[in-house]
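All of these numbers come straight from a predicted model, not from anything done at the bench.
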Amino acid sequence: MSNDTNRSGQDASGRAEHSEDAVFDVLRHILSQSEAARSALATTLREGGTPVGTIAGVRSEDVVVEGERPGLAGLDEEGVVRALVQPVLWAGLSQGQPNAYFKGLPLDRPAALLFVAPAARLARLWPELCRRADEQFTIIGATTPGDLRAATVSGGERRLMLTSWDALLGLMERVVSGVGDGEAETDVRQLRGMIDL
């Protein structure tokens, strides 16, 4: 897959974009501070076939492979990682994505590796994620409709998932607005403004 944007966030045309690191930091802040935003994340995971309960907290999770990008770990009420969220913009996948990241997920309960990308990337990114995952695991029942795509990964109850920023942030915005979490609503809108959805 081509590297349309470098890590500093400048695309091939020279247009300045927000870096994946900045987007990661804002998403981590939103999910750390807002129970309603975590509820929207849990809803997305369930819609993708990962029956998680409550996402009680998040933390930045470094994967075991040196040099890989950190993920956002969504923790259940027991502190067990139930989701690794990988925010992506226009940069190409790293060498270890997605396979190195599956090591951070439990084998004994439902868990998901969720990539969040601009909608324009979904059609090309999903086959690439599945192809790479299939090099080390068996991928079962990959779906491709709409903005949420999911597949079961062999060896436990893990799922590979991909959704668009527009779908995830739209759901977050509705949920935080519905419970009157004005600070999170402002933060989600700020994050939407940083991303070319």
Side-chain angles (χ1 to χ4, degrees), residues 1-13 15-50 52 55 58 60-61 69-74 83-94 97-98 101 112-130 142-151 159-178 181 183-197:
M1 176 155 290
S2 68
N3 185 353
D4 301 318
T5 305
N6 63 32
R7 292 289 286 152
S8 68
Q10 189 175 45
D11 68 18
S13 70
R15 181 179 50 162
E17 298 286 341
H18 289 278
S19 74
E20 288 184 359
D21 293 336
V23 168
F24 177 92
D25 289 340
V26 174
L27 182 61
R28 180 182 59 211
H29 171 77
I30 292 167
L31 290 171
S32 295
Q33 301 301 314
S34 173
E35 182 179 339
R38 291 191 302 274
S39 173
L41 173 61
T43 297
T44 298
L45 296 170
R46 286 190 296 272
E47 288 175 355
T50 305
V52 297
I55 298 295
V58 296
S60 180
E61 182 82 352
R69 300 172 192 158
L72 281 176
L84 279 177
V85 181
Q86 284 296 298
V88 295
L89 296 177
W90 298 101
L93 295 173
S94 71
Q97 289 178 324
Y101 296 79
L113 171 58
L114 172 66
F115 285 82
V116 187
R121 286 197 71 185
L122 298 186
R124 294 183 69 180
L125 186 57
W126 183 239
E128 178 69 6
L129 286 168
C130 290
T143 63
T144 56
D147 279 355
L148 180 60
R149 297 152 193 236
R159 303 272 289 166
L160 173 63
M161 297 173 58
L162 172 66
T163 194
S164 70
W165 281 108
D166 191 39
L168 181 63
L169 295 182
L171 177 59
M172 277 188 188
E173 195 167 13
R174 289 189 300 276
V175 173
V176 299
S177 174
D181 188 344
E183 183 177 339
E185 190 174 0
T186 299
D187 290 341
V188 171
R189 286 182 181 157
Q190 175 191 0
L191 183 53
R192 287 179 74 91
M194 293 172 68
I195 298 168
D196 180 9
L197 303 173

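Atom CD of Glu173 is separated from atom CG of Asp187 by 11.5 Å, given to the nearest 0.5 angstrom. Rounding to the nearest 0.5 Å places CH2 of Trp126 at 10.5 Å from OG1 of Thr163. Remark: Glu185 CD to Arg174 CZ distance equals 12.0 Å, nearest 0.5 Å. In this structure, SG on Cys130 lies 8.5 Å from CG on Leu162, to the nearest 0.5 angstrom. The structure places CZ of Arg149 at 14.5 Å from CZ of Phe115, a figure rounded to the nearest 0.5 Å. Once rounded to the nearest 0.5 Å, the distance linking CG of Leu113 with CG of Leu45 reads 10.5 Å.
Counting heavy atoms from C-beta outward, Val23 and Glu20 have side chains that stay 4.5 Å or more apart. Here the side chains of Leu169 and Arg189 are not in contact, with every heavy-atom distance at 4.5 Å or above. Residues Leu125 and Leu93 have side chains in contact (heavy-atom distance under 4.5 Å, counting atoms from C-beta outward). Annotation: side chain of Leu160 is not in contact with side chain of Tyr101 (no heavy-atom distance under 4.5 Å).
Taking all atoms of both residues into account, the shortest heavy-atom contact from Val116 to Leu168 is CG2-CD2, 3.8 Å. Of all non-hydrogen atoms in Ile55 and Arg38, the two that sit nearest each other are O-NE, 3.2 Å. When all heavy atoms of Ala36 and Val176 are compared, the pair lying nearest together is CB-CG1, 3.7 Å. Across all their heavy atoms, Gly146 and Leu122 have their closest contact at O-CD1, 4.3 Å. Closest heavy-atom contact between Ala151 and Ala142: CB-CA, 3.7 Å. Across all non-hydrogen atoms, the minimal contact from Leu27 to Pro87 is CD2-CG, 4.1 Å.
In this structure, the side chain of Arg28 does not engage the main chain of Leu72 through any donor-acceptor pair within 3.5 Å. Without hydrogens or angle criteria, Ser39 side chain to Glu35 main chain gives no donor-acceptor distance under 3.5 Å.
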Could you walk me through whether Arg192 and Asp166 satisfy the side-chain contact (heavy atoms from CB on, under 4.5 Å) test, starting with their C-alpha distance in whole Å, then the side-chain angles of each, then the deciding distance to 0.1 Å, before giving a yes or no? CA-CA 8 Å; Arg192 287 179 74 91; Asp166 191 39; 2.9 Å; yes

side-chain contact (heavy atoms from CB on, under 4.5 Å) between Thr186 and Glu183: does it pass, once the steps are laid out? CA-CA 5 Å; Thr186 299; Glu183 183 177 339; 5.9 Å; no

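Defined by atom type and a distance below 3.5 Å, a donor-acceptor pair is present between the side-chain atoms of Gln86 and Gln97.
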